[in-house]
Amino acid sequence: MKNPVPQAASLLLEKLMLLVHIRPLPAGSGGETPPPAPGYYDTSCFKRGDLLEVPRTLFIHFGIYLGENRVAHLMPDILPSITSDRRQIQQVVTNKRLILGVIARTASVRVDTVEDFAYGGSILVNHMDRLFEDQVLSSEEAARRAEKLVGATAYSLLWNNCEHFVTYCRYGAPVSFQTDKFCETVKMIIRDQRSVLASVLVGLASIVCLGVAPATTLPTIFIPFFLWMAG
């Protein structure tokens with residue numbers, strides 16, 4: 001049987017990359033890749049209230065379609081916490097704004113074109129409906145919920161990310177399967193006695209990056225550390 005630790009560590013690294021949502025730059029690029037031109041996507045197949053998914057290499061980004069080529073989605077962003085200038089805030093979020101937003105744990109639910117939202121990626125429509133069955137709200141209710149939440153908000157990978165936003169809007173409850181998978185990976189690393197030091201580092205990274213350190217998690221961070229030092 002293969003050792004699950006390297007696989008878990010690899011997945012952990014991938015999920016940590018979810019924190020920054022960084023858009024990779026093409027080779028030789030001097031700046032960030034611009035979004036596709038208007039009309040790149042055929043929006044005639046989208047309906048108001050649809051849940052849109054854009055699979056990336058390391059994560060999936062989510063949004064709620066509002067109609068007329070507009071998508072509401074939650075993104076980490078530092079700018080809403082330091083300015084009220086809507087014209088500045090509405091500009092396409094740069095990687096720097098994303099990273100600073102993650103660090104400061106601030107975000108915004110913003111409305112962008114489909115092109116700015118998907119950034120050239122493929123789009124899945126209502127792909128999560130099969131997981132919720134009878135919990136799907138009406139399309140109009142999903143869109144109205146999304147519109148009511150537009151504006152600045154807190155950001156947390158564990159409690160308030162783009163997936164929490166769309167599942168609340170369309171299914172009535174905030175859920176993040178990506179976060180659940182991330183947490184299971186962390187638990188797998190902590191349980192493996194050969195990964196005591198890794199569990200300490202993961203715990204400290206959780207405090208620094210996620211801003212969360214419930215009392216129940218502190219023993220899993222520091223007890224392995226002392227055992228590792230003693231051993």
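FYI, the numbering just counts along the sequence from 1. Computation of the quantities below employed the complete heavy-atom set of this structure, encompassing side-chain atoms and omitting hydrogens, waters and symmetry-equivalent molecules.
A side-chain contact (heavy atoms from CB on, under 4.5 Å) with Val54 is found for exactly one of Tyr119, Phe62, Phe59, Phe117, namely Phe117. A side-chain contact (heavy atoms from CB on, under 4.5 Å) with Leu52 holds for exactly one of Val125, Asn126, Val166, Leu124; it is Val125. Under the side-chain contact (heavy atoms from CB on, under 4.5 Å) rule, Tyr155 has a single partner from Ile103, Leu74, Asp77, which is Leu74.
Minimum interatomic distance between Gly120 and Pro36 (heavy atoms only, all atoms of both residues): N-CG, 3.5 Å. Here the shortest heavy-atom pairing between Gln90 and Asp112 reads NE2-OD1, 3.1 Å. Shown here for Ala152 and Pro80, the closest heavy-atom pair between the two residues is CB-CB, 3.9 Å.
Proximity of Leu66 to Glu147: side-chain heavy atoms (C-beta onward) are separated by under 4.5 Å at one or more points. Using a 4.5 Å cut-off on side-chain heavy atoms (C-beta onward), Thr43 and Glu68 make no contact. A heavy-atom distance below 4.5 Å is not found between the side chains of Glu53 and Glu163. You'll find the side chain of Phe46 reaches within 4.5 Å of the side chain of Val114, heavy atoms only.
Follow the hydrophobic side-chain contacts under 4.5 Å out from Leu98 and you never reach Leu79; the two are in separate clusters. Under the 4.5 Å side-chain heavy-atom criterion for grouping Ile, Leu, Val, Met, Phe, Trp and Tyr, Ile64 is not connected to Leu137 through any hydrophobic cluster. Met128 is connected to Ile60 through a chain of hydrophobic side-chain contacts under 4.5 Å among Ile, Leu, Val, Met, Phe, Trp and Tyr, so both are in one cluster. Under the 4.5 Å side-chain heavy-atom criterion for Ile, Leu, Val, Met, Phe, Trp and Tyr, Ile78 and Ile89 are members of distinct hydrophobic clusters.
Within a 6.0 Å sphere centred on CZ of Arg48, heavy atoms belonging to other residues, nucleotides or ligands number more than 12.
Atom CE of Met75 is separated from atom OG of Ser108 by 8.0 Å, given to the nearest 0.5 angstrom. Here the CD1 atom belonging to Ile99 is positioned 8.5 Å from the OG1 atom belonging to Thr94, to the nearest 0.5 angstrom. In this structure, CD1 in Ile82 is found 8.0 Å from CD in Gln88, a value given to the nearest 0.5 Å. Of the inter-residue distances, the one linking His73 atom NE2 with His61 atom NE2 reads 5.0 Å to the nearest 0.5 angstrom. In this structure, the separation between SG on Cys169 and CZ on Arg144 is 13.5 Å, given to the nearest 0.5 Å. Taking OG of Ser138 as the reference point, atom CZ of Arg170 lies at 9.0 Å (rounded to 0.5 Å).
A donor-acceptor pair under 3.5 Å is absent between the side-chain atoms of Arg105 and the main chain of Pro76, judged by distance alone. Checking side-chain atoms of Arg145 against main-chain N and O of Ala142 turns up no donor-acceptor pair under 3.5 Å. No side-chain donor-acceptor contact under 3.5 Å links Asp50 to the backbone of Tyr65.
For Tyr41, there are no ring pair (Phe, Tyr, Trp, His ring centres under 6.0 Å) partners two or more places apart in sequence or in a different chain. For Tyr171, the ring pair (Phe, Tyr, Trp, His ring centres under 6.0 Å) partners are Phe132, not counting sequence neighbours.
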Item to check | Candidate pair Val71 and Thr113, rule side-chain contact (heavy atoms from CB on, under 4.5 Å), full reasoning | outcome: CA-CA 6 Å; Val71 182; Thr113 65; over 6 Å; no
Next on the checklist: Evaluate Gln178 against Asn161 for side-chain hydrogen bond (donor to acceptor under 3.5 Å, both in side chains), listing each step before the verdict.
Outcome noted: CA-CA 10 Å; Gln178 293 186 114; Asn161 62 40; 5.6 Å; no
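Salt bridge absent: Glu140 and Lys47 never bring a charged side-chain N and a carboxylate O closer than 4.0 Å.
If you check the side chains of Asp85 and Thr83, you find no donor sitting under 3.5 Å from an acceptor.
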